[in-house]
Amino acid sequence: MIIMIRKSYIIALSLTVLTFGACKKDLLDTNKNPNESETAQPDYLLANAIKSAADNYYSTTNAMDASLLFVQHWSKIQYTDQDRYIFTNGSFEAGWKNFYTQSLADLNVLIQLGEQQNNPNYKAVALTLRSWVFSLLSDAYGSIPYTDALDIKKLTPKYDDQRTVYLELIEDLKTALAIYNPSGNGIAGDPLYKGNINSWRKFANALRFRLALRIADREPVLAKQIITEVLADPAGLISSETETAQLTYVGSPNQNPIARIFETRDDYRISKTIVDRLKALNDPRLSVYANKTKDATPEVYVGLPNGLTTGDASTYGFTKTSKPGDFFTKAIAPAIILSYSESLFDRAEAAARGFSAENASVLYQQAIRVSLQYYGFDATAIQTYLAQPTVQYDASNFRKSIGEQKWIALFGQGMEAYTEWRRLDYPQLQPAVAGVLDGKIPLRFIYPGGEQALNKNSYTEAVAKQGADLLTTKLWFDVN
């Protein structure tokens with residue numbers, strides 16, 4: 001009897017194991033999606049990396065509630081804490097995480113796929129875009145996880161100082177430029193240049209040029225060497241508006257992220273600072289940068305001072321102050337990454353510094369002309385504007401001439417405008433009316449609280465070297 005029971009138990013157990021094995025196989029088969037690839041597709045990765053980076057670049061965290069306010073392109077008429085420089089260690093969490101976990105993660109995989117699939121153009125594009133995203137992070141925070149970033153074996157990545165990051169990115173772009181091959185395998189999933197490798201090469205050179213200027217006040221000899229290399233590269237620089245690096249959005253649900261906010265919110269106005277400056281210069285771009293007040297006013301365009309309390313801001317009136325222009329808040333508004341105009345301003349600055357034999361004044365005027373043409377102004381309006389003494393290039397103070405006009409041309413591009421304002425020190429802005437930083441304007445973003453909690457040792461080491469984790473701590477590139 002015991003033998004019979006034992007035999008029955010063994011048979012039952014065997015059947016159970018076989019059944020479980022069969023069920024496991026069925027479950028695995030069921031969980032496979034026949035309509036999706038089990039391996040990452042480079043075109044999907046590229047498109048998503050570009051879209052997620054552009055969305056984050058123009059996001060509330062990085063732009064609307066931070067850099068656009070600091071650089072006084074925009075202001076806030078309600079919920080004004082950010083315009084008064086009131087932030088917590090959670091304020092910048094989303095912007096930091098989205099760059100690392102979305103854009104950079106996709107681009108790292110794309111680099112690997114480019115190597116595995118013997119398509120160097122995917123690798124080069126990914127290196128170019130990765131350099132842009134890492135530069136945004138370092139521009140904003142200073143020291144950042146770079147060398148150890150996105151290595152799953154390193155859960156507490158060390159921070160690299162800003163100098164190291166910039167120099168590594170400049171080398172990464174040099175590597176990208178060396179492996180771009182216009183005659184090689186094509187790329188897909190490219191909403192910036194539709195697979196035009198020559199345009200990508202020009203963008204990479206323009207970005208390398210931009211980063212050379214980032215280090216120019218600290219290491220002018222090296223900056224000049226890099227700029228000399230770029231100008232000698234047959235690939236060239238961005239040389240027409242069609243080569244501007246920009247993502248053109250479409251309708252909902254893939255609309256410009258700023259448009260998405262403006263569909264339901266009414267928190268933002270154009271800053272009084274830039275309105276006053278545009279009026280003083282008789283700058284025709286005012287009609288593009290700002291909407292007319294909803295209720296008719298003698299001024300037509302009315303900017304709101306930065307950093308008012310919510311109570312004081314509301315007294316200016318929602319219908320008697322100007323919103324940022326529809327050009328920037330419509331669903332299809334482009335996300336500009338690096339424009340033709342900016343590239344010309346960069347060349348003008350390099351010439352002014354003696355880094356090239358080009359003519360700084362000519363390039364300066366060309367940069368302004370291109371900016372005005374971009375917004376549809378005709379030759380007569382452009383020439384009238386350029387002829388004004390207040391717009392003429394001042395060779396004795398290139399920082400002022402280029403800094404002020406670049407600040408105007410970069411309207412709406414919060415993070416880049418904010419970086420260039422800190423680097424060139426023009427225009428000379430006044431702090432928020434009711435700011436909380438003792439009469440100072442923020443000079444950086446503060447690290448997100450998640451870093452303090454999950455990467456404490458690396459965070460502590462970085463802060464010890466760079467300076468206190470405060471909005472007012474100067475970064476390495478910000479010399480003056």
Side-chain angles (χ1 to χ4, degrees), residues 48 50-104 132-133 136-137 139-141 246-247 249 252-271 274 289-291 304 306-308 310 313-314 318 321-337 410-419 421 432 435-436 441-442 444-451 471:
N48 189 66
I50 291 172
K51 171 71 163 51
S52 63
D55 284 355
N56 200 19
Y57 183 49
Y58 282 84
S59 66
T60 303
T61 301
N62 287 319
M64 289 180 276
D65 276 354
S67 55
L68 283 171
L69 304 178
F70 300 164
V71 81
Q72 296 179 22
H73 281 173
W74 289 20
S75 56
K76 294 197 77 172
I77 196 165
Q78 60 179 345
Y79 308 110
T80 63
D81 277 4
Q82 297 89 347
D83 209 5
R84 299 175 58 209
Y85 318 141
I86 299 172
F87 294 92
T88 70
N89 63 10
S91 296
F92 298 103
E93 193 85 43
W96 173 281
K97 282 185 176 179
N98 288 342
F99 276 139
Y100 275 109
T101 63
Q102 295 184 35
S103 312
L104 291 172
W132 171 57
V133 174
L136 294 177
L137 283 161
D139 292 343
Y141 297 94
Q246 64 179 8
L247 173 64
Y249 287 95
S252 180
N254 292 311
Q255 72 268 53
N256 183 295
I258 291 175
R260 188 180 302 117
I261 296 297
F262 272 71
E263 288 171 2
T264 58
R265 305 293 310 175
D266 190 20
D267 300 350
Y268 304 94
R269 292 295 182 270
I270 188 169
S271 170
I274 196 163
Y289 289 3
N291 284 346
L304 184 72
N306 283 90
L308 298 168
T310 297
S314 65
F318 283 81
T321 48
S322 295
K323 295 182 181 182
D326 290 340
F327 183 94
F328 303 92
T329 63
K330 60 187 177 184
I332 60 172
I336 298 175
I337 296 170
L410 287 171
F411 181 81
Q413 300 172 53
M415 294 189 79
E416 184 59 25
Y418 177 49
T419 299
W421 168 73
V436 297
I441 298 173
R444 62 182 290 272
F445 292 4
I446 54 175
Y447 292 118
E451 282 296 290
L471 292 165

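Just the heavy atoms: all of them, side chains too, but no hydrogens, waters or symmetry mates, feed the values below.
One N or O on the side chain of S103 and one on the backbone of A53 form a donor-acceptor pair closer than 3.5 Å. N256 contributes a side-chain N or O that, together with a main-chain N or O of A333, makes up a donor-acceptor pair within less than 3.5 Å. At least one donor-acceptor pair under 3.5 Å links the side chain of S271 to the backbone N or O of Q72. No donor-acceptor pair under 3.5 Å is formed between the side chain of D83 and the backbone N or O of L308. When atom types are taken as modelled, the side chain of S75 and the backbone of L304 share a donor-acceptor pair closer than 3.5 angstrom.
By the salt bridge (charged side-chain N to carboxylate O under 4.0 Å, His left out) test, D266 is found to be paired with R269, K323, residues two or more places apart in sequence or in another chain being considered. For E93, the salt bridge (charged side-chain N to carboxylate O under 4.0 Å, His left out) test picks out K97, with sequence neighbours left out. Here R444 pairs with D469 under the salt bridge (charged side-chain N to carboxylate O under 4.0 Å, His left out) rule; sequence neighbours left out. The side chain to side chain contact (heavy atoms under 4.5 Å, CB included) check on Q82 picks up D65, L69, K76, F87, with sequence neighbours excluded. The side chain to side chain donor-acceptor pair (under 3.5 Å) search around E451 returns Y159, N455, not counting sequence neighbours. Take P324 and apply the side chain to side chain contact (heavy atoms under 4.5 Å, CB included) test, not counting sequence neighbours, and it matches W74, F262, T329.
Shortest non-hydrogen contact noted between L471 and F92 is CD2-CE1, 4.5 Å. Considering every non-hydrogen atom in both F70 and P442, the closest pair reads CE2-CG, 3.6 Å. Minimum heavy-atom separation, T80 to I77: CG2-C, 4.1 Å. Counting all heavy atoms, side chain and backbone alike, I258 lies closest to F328 at CG2-O, 3.7 Å.
The closest side-chain heavy-atom distance from N56 to N62 is below 4.5 Å. The shortest side-chain heavy-atom distance between L137 and L104 falls under the 4.5 Å cut-off. The shortest distance between side-chain heavy atoms of M64 and I261 falls below 4.5 Å. The shortest side-chain heavy-atom distance between T60 and Y268 falls under the 4.5 Å cut-off. Y249 is listed as a side-chain neighbour of K51, based on a closest heavy-atom distance under 4.5 Å. Two residues are said to be in side-chain contact when any heavy atoms from C-beta on lie closer than 4.5 Å; W421 and E416 fail this criterion. For the pair K330 and Q255, the minimum side-chain heavy-atom distance is 4.5 Å or more.
Distance OH/Y418 to NE2/H73: 13.0 Å, rounded to 0.5 Å. The CD atom of Q413 lies 5.0 Å from the OH atom of Y57; values are rounded to the nearest 0.5 Å. In this structure, CD1 in I441 is found 8.5 Å from CG in N306, a value given to the nearest 0.5 Å.
Aromatic rings of Y289 and F327 (six-membered ring for Trp) have centroids beyond the 6.0 Å cut-off, not under it.
Taking the six-membered ring for Trp and thresholds of 30 and 60 degrees, Y141 and F445 have ring planes more than 60 degrees apart, a perpendicular arrangement.
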